[in-house]
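Report on the structure given below.
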Amino acid sequence: MNQAYELLPPEFYRMPTLELARSLLGCLLIKETEEGIASGYIVETEAYKGPGDRAAHSYGNRRTKRTEVMYREAGRAYTYTMHTHTLFNVVSAGIDEPEAVLVRAVEPHEGVLLMEKRRSGKKPRDWTNGPGKLTKALSITMDDYGRLLTEPPLYIAKGYIPDDISCGPRIGIENSGEAREYPWRFWVKGNRYVSR
DNA sequence: AAAGTGATAACCT
DNA sequence: GGTTATCACTTTC
């Protein structure tokens, strides 16, 4: 159960956002709750590069209650509610550099029974193959907003090194002008849990 | 492929 | 106090 996960150090999150998005692939995202531990390997991410990125919530240095945490140091959780779903991002870059990496999909690892319960009635690959789905499967909520990802109950640990990584345009940002063309989405090639 | 859903917060009167 | 937009998902045609 409580195996020896090797947590990623705070320094890990300080690399450039695009690099971080790629480096997070294969890492383990872990959430501890009263019900137990659930974790999954990150298999799909998207980079959002702050002020110059029309698709980012922090475009033009928009600073609000919601985006506030992106202006803090790297390695914190930026959770965001959309419709009925919670989305999970990893804050990157430095203080006053509002950049982040959206985790779009994970591959179930530990706590499969919990995920099945939380996503009842769904097929295994529908448990975590989308940004709103994985948060439900891992029980990530707005309570996790601003939390450091280097300590329980929500943290990221070393996983495996993916053999093959692909990149392409991001998803769900049609209304963002030219920014939607940028190949800032990364995923593990061939992995079944990648969305779309 | 398309419509319906419906939480939060910004941006208007 | 109402309107609009948002880094989706589910169900239904």
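Here is how names work: the chains are called A, B, and so on, in the same order as the sequence lines, proteins then strands, and each is numbered from 1. Remember, it's a predicted structure, so these values are computed and weren't measured experimentally.
Rounded to an integer number of Å, the gap from F88(A) CZ to dA8(C) P is 15 Å. In this structure, R119(A) places its CZ atom 15 Å from P of dA8(C), rounding to the nearest Å. Residue E68(A) contributes atom CD, which lies 19 Å from atom P of dT8(B) at whole-angstrom precision. Counting to the nearest Å, the P atom of dA5(C) and the CD1 atom of I173(A) are 17 Å from each other. When the P atom of dT6(C) is taken as reference, atom CG of N89(A) falls 16 Å away, rounded to whole Å. Note: CD (E174(A)) to P (dA5(C)) measures 15 Å, nearest angstrom. When rounded to the nearest whole Å, the span between CE of M70(A) and P of dA9(B) equals 14 Å. Atom CG of L87(A) and atom P of dA9(B) are 15 Å apart (whole Å).
When only modelled atom types and interatomic distance are considered, Y193(A) and E44(A) share no side-chain donor-acceptor pair under 3.5 Å.
Among the atoms of the strands shown, none is found under 4.0 Å from any heavy atom of R170(A). Within the nucleic acid shown, L102(A) comes within 4.0 Å of at least one base atom, counting heavy atoms only.
When the nucleotides dC11(B), dA9(B), dT6(C) are ranked by their closest atom to the side chain of K65(A), dA9(B) comes out on top.
Using a distance-only test at 3.5 Å, with no hydrogens or angles considered, a donor-acceptor pair links the side chain of T67(A) to the main chain of R62(A). The backbone N or O of S139(A) lies less than 3.5 Å from a partner atom in the side chain of K31(A), making a donor-acceptor pair.
Scanning both residues, P98(A) and D96(A), for their nearest heavy atoms gives CD-O, 3.6 Å.
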Pairs counted as Watson-Crick or G-U wobble with both distances under 3.5 Å: what dot-bracket string results for DNA chain B, using | for bases tied to another strand? |||||.||||||.
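Figure legend: cation-pi geometry between R170(A) and Y48(A), with NZ or CZ positioned under 6.0 Å from the six-membered ring centre and within 45° of its axis.
Counting distance only, with no hydrogens placed and no angle test, the side-chain atoms of Y80(A) and the base atoms of dT8(B) include no donor-acceptor pair under 3.5 Å.
A chain of hydrophobic side-chain contacts below 4.5 Å, direct or via other Ile, Leu, Val, Met, Phe, Trp or Tyr residues, connects Y13(A) to L25(A). In the hydrophobic cluster analysis, where Ile, Leu, Val, Met, Phe, Trp and Tyr join through side-chain heavy atoms closer than 4.5 angstrom, F12(A) is grouped together with V90(A). I171(A) and L134(A) are not part of a single hydrophobic cluster, where members link through side-chain heavy atoms under 4.5 Å apart.
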Would you please test E19(A) and S92(A) for side chain to side chain contact (heavy atoms under 4.5 Å, CB included) and show each step? CA-CA 10 Å; E19(A) 227 173 282; S92(A) 62; over 6 Å; no
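Here K136(A) does not reach the OP1 or OP2 of dA8(C): none of its side-chain N or O atoms lies under 4.0 Å away. When the side-chain nitrogen and oxygen atoms of R66(A) are compared with OP1 and OP2 of dC11(B), none of them lie within a distance under 4.0 Å.
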N/O-N/O pairs, protein side and nucleotides 5-7 of chain B side, under 3.5 Å:
from, atom 1, to, atom 2, distance (Å)
dG6(B), N2, H83(A), NE2, 2.6
dA7(B), O4', H83(A), O, 2.6

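Between Y145(A) and Y78(A), the two ring planes are perpendicular [angle over 60°; tilted spans 30° to 60°].
Sequence order on DNA chain C of the closest nucleotides to S176(A) and K122(A) puts S176(A) first from the 5' end.
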